[in-house]
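Scroll down for the structure; my scribbles are underneath it.
Note that the structure is predicted; figures quoted are calculated from it, not measured. Chain identifiers are assigned alphabetically (A, B, ...) following the order of the sequence lines, protein sequences preceding nucleic acid strands; residue numbering begins at 1 within each chain. Computed from heavy atoms alone, side chains included, the values below leave out hydrogens, waters and symmetry copies.
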Amino acid sequence: MLFRFHNLIISALFLLVSQLSADDTQAREIFVEAILAEGSEQTALVESLSTTASTLVPDFLEAWKRGDIFLLEADGSAAPTPLLEVEPEQEGGTPTYFRVIDGEEMAAGSFDPAALEMARPSRKTRRVFTMTIDLLALSTPNVQERADAALKLGLKRDDDILPKLILLRETETEPSVIEALNEGIAVSMLSHGTKEGQMDAIQLLRDENSIAGLDALKNLRHDLNDGLATHPFSEEELAKLTASIASIESYISWTDFVGTCFRGLSLGAVLLIVALGLAITFGLMGVINMAHGEMIAVGAYSAYISQTVFYSLFSESTFALETYFLFAIPFSFLTAALCGFILERTVIQFLYKRPLESLLATWGVSLILQQGFRLIFGAANRQVRSPSWLLGNVEIFDITFGFNRIFVIGFAILIVFGTWFLMAKTPMGLSIRAVMQDPQMAAAMGIRINRVRMMTFAFGSGLAGLAGVFLSQIGSVGSNLGQSYIVDSFMVVVAGGVGNIVGTVISALGIGVTDQALQPLLGPVMGRICVLVAIILFLQWKPGGLFPSKSRSLD
Amino acid sequence: MKFLRGVRAGAILSAGALLGLQAQAEEDDTVKVGILHSLSGTMAISETSLRDVLLFAIDEINASGGVLGKQIEPVVVDGASDWPLFAEKSKQLLLQDKVAAVFGCWTSVSRKSVLPVFEEYNGLLFYPVQYEGEEQSPNIFYTAEAVNQQAIPAVDFLLEEGREKFYLIGTDYVYPQTTNLVLLEYLLSKGVPLRNIGGGLRRDADGEVISAGTYTPFGHTDYQQIMADIKKFAASGDAAVINTINGDSNVAFFKEYAAAGLTAEEVPVVSFSLSEDEFRSLPAEDLVGQLGCWTYFMSLDTPENEEFVANFQEWLATADVDGIEREGRVTCSPMVLSYDGVYLWKAAVEKAGTFDVDSVVKALESGISFDGPGGTVTTQENHHLTKNVYIGETLPSGQFEVIESFDEVYGEPFLKGTFSEE
Amino acid sequence: MSTQEKAEAKKKEFILTCEGLNKSFDGFKVINDLNLYIDKGELRTIIGPNGAGKSTFLDLITGRIRPDSGTIEFGPGEGVALTKMREYQINRLGISRKFQTPSVYSDHTVYDNLLMSLNRNRGAFAALFYRESAADRERIDEILETIRMTEKRSLIAGSLSHGQKQWLEIGMLLAQEPKLLLVDEPAAGMTDEETERTGELLLSLAGSHSLIVIEHDMVFVRQIATKVTVLHQGSILREGTIDHVQSDPKVVEVYLGRQHEK
Amino acid sequence: MIKFSETQRSLAGIIAVTFFLVVAMPALNLFGSEGSFLHISDYQLNLWGKYLCYAVVAVSLNLLWGYTGLLCLGQGLFFALGGYAFGMHLMLMIGEQGAYKSALPDFMVFLGYKELPAHWIPFKSLSFSLLAVLFVPGIVAGVFGFLAFRARIKGVYFAIITQALTYAACLLFFQNSFTFGGNNGFTDFKTVLGNEIFAPSTQRALFFISAVYLSLCLFLIWWLTKTKFGKIQRAIRDSENRVRFSGYSTTTYKLIIFVVAAIMAGIAGALYVPQVGIINPEEMRPSKSLEIVVWVAVGGRATILGPVIGAIFVNWLKSYSTYHYPEYWLIILGALFVLVVLFMPNGIVGLPEQLKGFYRKHRFRFQQKKEAAAEA
């Protein structure tokens with residue numbers, strides 16, 4: 001995806017021959033030389049690229065690393081010609097080739113593509129790439145990239161780079177980049193600087209709450225303890241170092257706390273999305289639907305199908321990728337609802353009076369569906385790609401907020417609101433509640449209870465389908481997808497109070513946050529066990545869950 | 001109601017028919033071998049491919065005249081990802097079908113569950129999947145990668161790359177636990193300080209480390225917290241992640257990895273359980289640049305491999321196997337090691353001149369070579385194989401680009417305690 | 001004797017003393033500062049509109065729910081506080097309850113239903129090694145006679161008609177040999193003839209037993225009632241004879257009036 | 001014609017089953033000539049031994065679900081706990097015959113244990129282990145049951161929290177650091193009570209013990225249903241409030257039944273482990289426990305022989321179809337459950353009665369039609 005995107009940029013760059021600057025021409029010459037060179041000569045040439053002012057260098061290095069540079073053997077003893085391959089936009093099309101030296105496109109038929117040989121950089125050379133790209137990035141106009149590169153280079157604690165960074169600090173104007181430079185320089189100073197430099201660095205890292213610098217500080221302390229440090233520290237200086245470490249550590253624990261809350265919220269949102277459908281089919285209708293997990297899987301497979309359909313309609317284009325997901329959401333809802341509808345008509349409608357037996361029948365259905373998925377889609381899991389707007393993250397105060405996680409929280413709010421609206425504000429919701437509370441009375445009032453039950457079950461299954469769409473974004477789509485969520489879903493509904501959607505919301509969020517909060521302390525497995533045990537104990541205290549349903553019937 | 005009654009009668013009748021359908025054919029000019037993999041349940045995703053490649057190998061051998069003049073008759077049974085059922089099925093294969101050899105098992109626990117059966121009834125099992133070692137049964141041949149044929153070369157490579165910090169993460173079962181314990185010893189022996197090993201250590205009462213790394217249960221999908229931890233760990237640069245997560249969880253792991261803004265350049269992940277076959281169900285583009293280490297890659301540029309891949313694809317197109325997948329198939333190390341196993345068995349049978357298990361084992365122990373798709377493999381006296389090890393970098397196509405290779409690595413199952421701290 | 005002492009002495013004769021009872025569900029007061037005294041051997045009828053708290057009151061007595069505040073004491077003399085006890089313990093004291101919807105063991109025979117209700121050792125181990133004695137059989141025959149179900153003794157209880165189940169449940173109450181019977185709408189679903197017979201039975205029990213009967217059917221109430229308590233919004237509105245109560249305008253307004261509207 | 005009562009008929013059934021399992025099957029295994037139709041191979045006998053252990057679990061669940069109305073979705077847990085308790089003893093009996101020639105179980109050696117953890121030491125004693133087979137599931141059931149019944153958790157809630165319990169235990173046992181072998185569990189046993197574990201004679205003996213044990217369980221249930229205790233048990237299922245208001249502490253009754261069922265399943269687990277040669281946390285998976293419920297439903301709940309028939313039939317079907325229709329067995333099994341629930345509420349055992357009912361109805365209608373035709 002990303003790569004195709006890159007390809008387009010590269011081809012655009014290579015096509016703009018008319019804007020060739022002197023820098024670029026120089027860079028291109030070095031490229032060709034580097035491609036044809038070997039060993040340390042090659043690494044030296046690549047390193048020298050960082051001194052050119054050409055903007056082509058990073059893209060070129062990317063292409064080389066990826067294996068898009070080919071060699072066209074020349075006749076006789078002449079050196080081969082390096083070419084850049086650009087993949088066709090349509091699948092099955094033929095790639096186009098550009099000469100690296102001048103960016104001219106090679107006419108089709110002027111050479112035999114089969115005779116091309118890939119020019120792979122050696123592993124050693126490729127290690128130089130990263131540093132070259134970083135060094136170049138120090139002068140890109142993109143602020144974020146500049147800052148990242150500055151920090152990364154600083155963390156290398158390299159004698160040669162340190163002066164460059166210090167020099168750059170003089171001229172840099174962007175505050176965020178200066179900050180990163182300071183941090184990077186400070187880390188380098190800790191191991192290479194003078195005593196004053198070290199003390200300044202200790203103070204600076206503390207002031208900047210530098211997580212990246214923590215290791216360097218700790219290493220310094222280790223070295224001091226072991227007597228390996230370049231300059232011995234006085235008691236007071238040592239105390240300063242220790243205080244700096246402590247300060248950063250407390251900052252980390254703060255970010256951990258906020259991060260944990262966010263992660264808990266997002267896990268809670270996942271649980272909520274997964275359990276909401278069950279809150280309706282099980283909570284309201286009393287059907288112990290063990291096939292709920294498979295309804296989720298139906299939704300996830302629907303997302304996969306819509307992706308496939310979009311790809312076949314619009315080819316594997318960015319458009320298809322960015323939009324299929326918007327289509328997948330309603331589509332998955334509908335397919336899962338349809339499956340729910342069929343399930344209700346064929347099996348569940350006979351079991352309303354035998355809820356415990358609905359458990360067995362639906363479990364049978366779940367086995368059939370699981371193997372059915374395998375027979376239809378194959379045993380291997382299917383992958384659903386994420387549109388770019390679900391990738392990436394924002395980082396605030398060293399806490400990462402993934403877009404997909406933010407999305408799931410929003411998505412959960414949306415479907416909870418939608419469900420609430422349907423239940424509380426529409427005539428359909430009114431009849432649903434009437435049928436669930438007293439089917440006979442509802443029937444007497446002229447409500448077609450069969451139809452309402454059918455629709456309700458389909459709706460609950462549809463919600464499960466929505467959960468499936470989202471789960472396809474955080475994991476892969478497989479026949480066992482639903483199984484991993486079924487116990488959790490039931491626990492969420494039961495802990496929240498059967499038949500109460502507000503209870504489901506609160507218990508999902510509560511379980512999510514508790515789980516994430518326990519994880520760092522106990523590890524992922526013990527954390528989950530504790531959550532399960534806590535729910536069991538909670539039910540001792542409140543057997544009806546958070547919001548028990550108020551039924552006066554006896555048994 | 002009438003309709004229902006009809007359905008009921010139909011169901012009863014078909015159940016009856018089902019039970020009556022037990023046809024048995026036996027011919028003298030064939031020899032039976034067992035194929036014991038999970039074709040349903042959680043492990044089906046991985047093991048079905050091994051069944052396919054085994055059937056392919058058997059068809060190939062049958063087409064070229066069979067073994068000792070006999071055609072091989074495969075008996076395919078489903079272990080159903082159910083470990084006691086594996087034991088039951090292996091008993092069935094050995095006692096009822098009287099198979100000459102069995103090819104099968106993926107998980108350690110399934111192997112552990114059938115091991116006593118093979119020892120009791122003197123069967124012969126070929127086990128093809130990379131494992132934790134610490135085992136050497138007289139009745140099993142481990143064509144699989146031992147820890148020193150996968151994890152250790154990978155770590156060597158990372159160290160050479162200049163990585164200084166290693167974060168260990170895996171699924172909580174015996175393979176990751178053991179591998180990480182071996183790696184811990186190995187890293188310490190290479191001078192990596194304990195504080196540079198991430199994921200957490202557990203010590204016993206005497207302060208001895210009994211477990212290293214973070215472990216998640218099977219099918220775990222929530223890696224947010226762990227990723228935050230890795231991010232902190234890697235903040236100071238030059239860190240790598242050693243990943244022994246099993247199966248589907250990897251998808252969640254790598255998606256979270258990307259969402260956390262980590263990249264293969266900054267923090268490379270080397271995975272031991274992800275082969276080309278797994279990439280069919282993984283978002284390979286999220287893993288570009290990540291590393292894998294196996295004794296075979298589909299992208300290997302050798303005539304043997306090209307022929308193997310082409311023949312396998314051709315076979316797939318026409319194979320008459322229920323529910324077989326034909327589209328988008330790839331080959332991978334466990335598949336090739338299964339394939340090698342069949343040919344090694346054939347060679348051993350021919351050398352011994354009999355199907356008798358003891359004689360075949362003796363022949364295998366004497367050292368038999370086969371030029372497989374991944375290079376020459378040679379059986380060792382300790383029931384493991386000497387083979388080449390490759391390190392590959394993931395490409396967006398789900399293939400590996402070979403970036404390093406180690407030739408003829410001797411398979412050594414018992415590694416713990418063999419590395420001492422410098 | 002001071003008035004207080006008098007009250008104390010009076011209290012000692014009550015089989016059931018409820019004082020200051022309160023119970024609310026979700027902020028809604030179902031029982032509101034209820035004080036009720038039942039004499040030994042008395043047959044008390046409680047009437048009141050739907051939601052007046054009648055069944056909740058029985059739930060409180062039998063330990064099905066706990067009051068928010070207030071006391072319930074059982075027995076003349078030093079009363080036993082019921083509010084801290086579990087249902088089966090309360091039952092073993094001699095309080096039996098008939099539910100609104102007949103509650104019998106539908107999978108067992110009529111005979112077994114009565115057998116299990118007999119006032120014998122109800123411990124688990126005693127049940128394991130229990131053998132019915134001649135006395136037990138006689139007692140069951142006697143009850144079968146009383147509830148006129150001798151011929152139906154081997155029938156499965158689930159196959160009985162609604163009215164017969166009501167009778168069986170009353171029989172099960174008798175088998176428990178209770179001191180106080182709490183009877184929730186015994187006449188529901190019965191034919192007129194059955195209703196009348198039920199009334200006769202209840203009347204015959206009064207004196208030797210104490211009874212609290214909750215009923216809607218005013219004809220039936222008229223048949224059995226000596227003293228009627230009208231419950232409204234969780235507290236007592238009026239108490240007295242049926243004529244007295246029925247002529248009370250307030251009662252007519254809240255209860256009977258509404259009934260007539262229906 | 002003499003009419004037999006229900007109890008007499010079920011007693012006859014139990015005696016027939018006992019004869020078949022305890023006498024006929026071992027005899028056919030020992031004396032039937034190989035290859036003949038009547039011969040039962042060692043493999044078959046061993047397979048049946050496994051089925052019989054499953055049958056006992058089904059019987060124990062039926063005691064809970066069929067007779068008391070407590071649907072427990074964690075019966076597999078008690079089965080596995082019994083199995084683990086005995087498995088620990090078997091592990092220690094391997095002695096130094098394991099891969100490492102160490103007195104410690106193999107998995108401890110490679111996890112770096114220097115000595116046996118304290119809670120393992122008593123399992124060196126056979127009698128302690130046997131007691132543990134009874135007490136571990138019993139105590140877990142006792143504590144959990146006490147909490148659950150005291151809080152009046154029942155019906156669906158009970159089903160779901162028992163599922164959560166077994167799920168939590170499953171996660172716990174999957175952990176390598178929990179000192180019970182993690183995912184691999186216990187395998188590679190060598191001897192049981194000093195006999196070589198996989199020797200045909202040992203396996204035959206284990207089959208025999210399982211068969212006798214199953215028969216004992218059946219007789220126990222038969223006797224129980226006749227007692228007043230059994231009657232109260234069913235009364236709790238049908239109308240728990242009535243029982244409570246009749247002066248019975250239903251909590252105590254349910255707790256006793258729950259504990260007895262757990263112990264019954266635990267012993268079955270202990271017999272199962274040496275016959276299949278492995279115990280691992282998979283046995284605690286919620287789906288395994290669900291499967292047990294299905295055995296009971298397929299055979300016929302609240303009947304004495306139903307669970308036995310169900311367990312054997314479903315597991316036989318599983319063995320059969322994983323061999324002959326590996327791709328489809330889940331579908332076959334799933335469809336079976338759906339069909340049984342929808343069309344055979346009384347299970348296999350209730351089928352003849354059900355068919356008789358149909359026949360009567362049919363005949364009645366047919367006669368009506370005939371009469372109508374005659375009138376016309």
All N/O donor-acceptor pairs, side-chain side in residues 337-351 of chain D, below 3.5 Å, sequence neighbours left out:
none

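- Both the backbone and the side chain of D/L330 come within contact range of chain A, judged by heavy atoms closer than 4.5 Å.
- Between A/M526 and D/Q175, the closest side-chain pair of non-hydrogen atoms falls below 4.5 Å.
- Using a 4.5 Å cut-off between non-hydrogen atoms, the part of residues 284-300 of chain D that approaches chain A consists of D/P286, D/S287, D/L290, D/E291, D/V293, D/V294, D/A297.
- Within the 4.5 Å cutoff, the side chain of A/I529 has no heavy atoms near those of the D/Y167 side chain.
- In this structure, no portion of A/L369 lies under 4.5 Å from any heavy atom of chain D.
- Interface residue A/L360: backbone and side-chain heavy atoms are both found under 4.5 Å from chain D.
- Per-residue counts of heavy-atom pairs under 4.5 Å with chain A were compared for D/L333, D/V156, D/L336; the largest is that of D/V156.
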Do any side-chain atoms of residues 143-152 of chain D form donor-acceptor pairs under 3.5 angstrom with protein atoms, and if so which ones, sequence neighbours left out?
residue, atom, partner, partner atom, Å
D/R152, NH1, C/E87, OE2, 2.8
D/R152, NH2, C/E87, OE1, 2.5
D/R152, NH2, C/E87, OE2, 3.3

How far apart are the C-alpha atoms of D/I331 and A/L375, what are their side-chain angles, what is the distance that settles it, and do they pass the side-chain contact (heavy atoms from CB on, under 4.5 Å) test? CA-CA 10 Å; D/I331 294 186; A/L375 291 176; 3.8 Å; yes
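- With a threshold of 4.5 angstrom between heavy atoms, A/I536 approaches chain D through side-chain atoms but not through N, CA, C or O.
- Neither the backbone nor the side chain of A/S358 comes within contact range of chain D, judged by heavy atoms closer than 4.5 Å.
- Separation of atoms CD (A/Q540) and CD1 (D/I161) is listed at 6.0 Å; rounding is to 0.5 Å.
- A/L532 places a side-chain heavy atom less than 4.5 Å from the side chain of D/L171.
- Looking at D/R244, there are no atoms closer than 4.5 Å to chain A (heavy atoms on both sides), in backbone or side chain.
- The part of A/L537 that comes within reach of chain D is its side chain, from C-beta onward, which places non-hydrogen atoms under 4.5 angstrom from that chain.
- Scanning for side-chain contact (heavy atoms from CB on, under 4.5 Å) contacts around D/A335 gives A/I368, with sequence neighbours left out.
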Using the rule given for side-chain contact (heavy atoms from CB on, under 4.5 Å), can you reason through A/V493 versus D/I160, listing the C-alpha separation, both sets of side-chain angles and the distance that settles it, and then say yes or no? CA-CA 10 Å; A/V493 177; D/I160 286 167; over 6 Å; no
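- When the shell of 6.0 Å around CZ of A/R345 is examined, it contains more than 12 heavy atoms from other residues, nucleotides or ligands.
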side-chain contact (heavy atoms from CB on, under 4.5 Å) between D/L73 and A/L359, worked out: CA-CA 11 Å; D/L73 296 185; A/L359 181 153; 3.9 Å; yes
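- For the set A/L351, A/V531, A/L367, the entry with the most heavy-atom pairs within less than 4.5 Å of chain D is A/L367.
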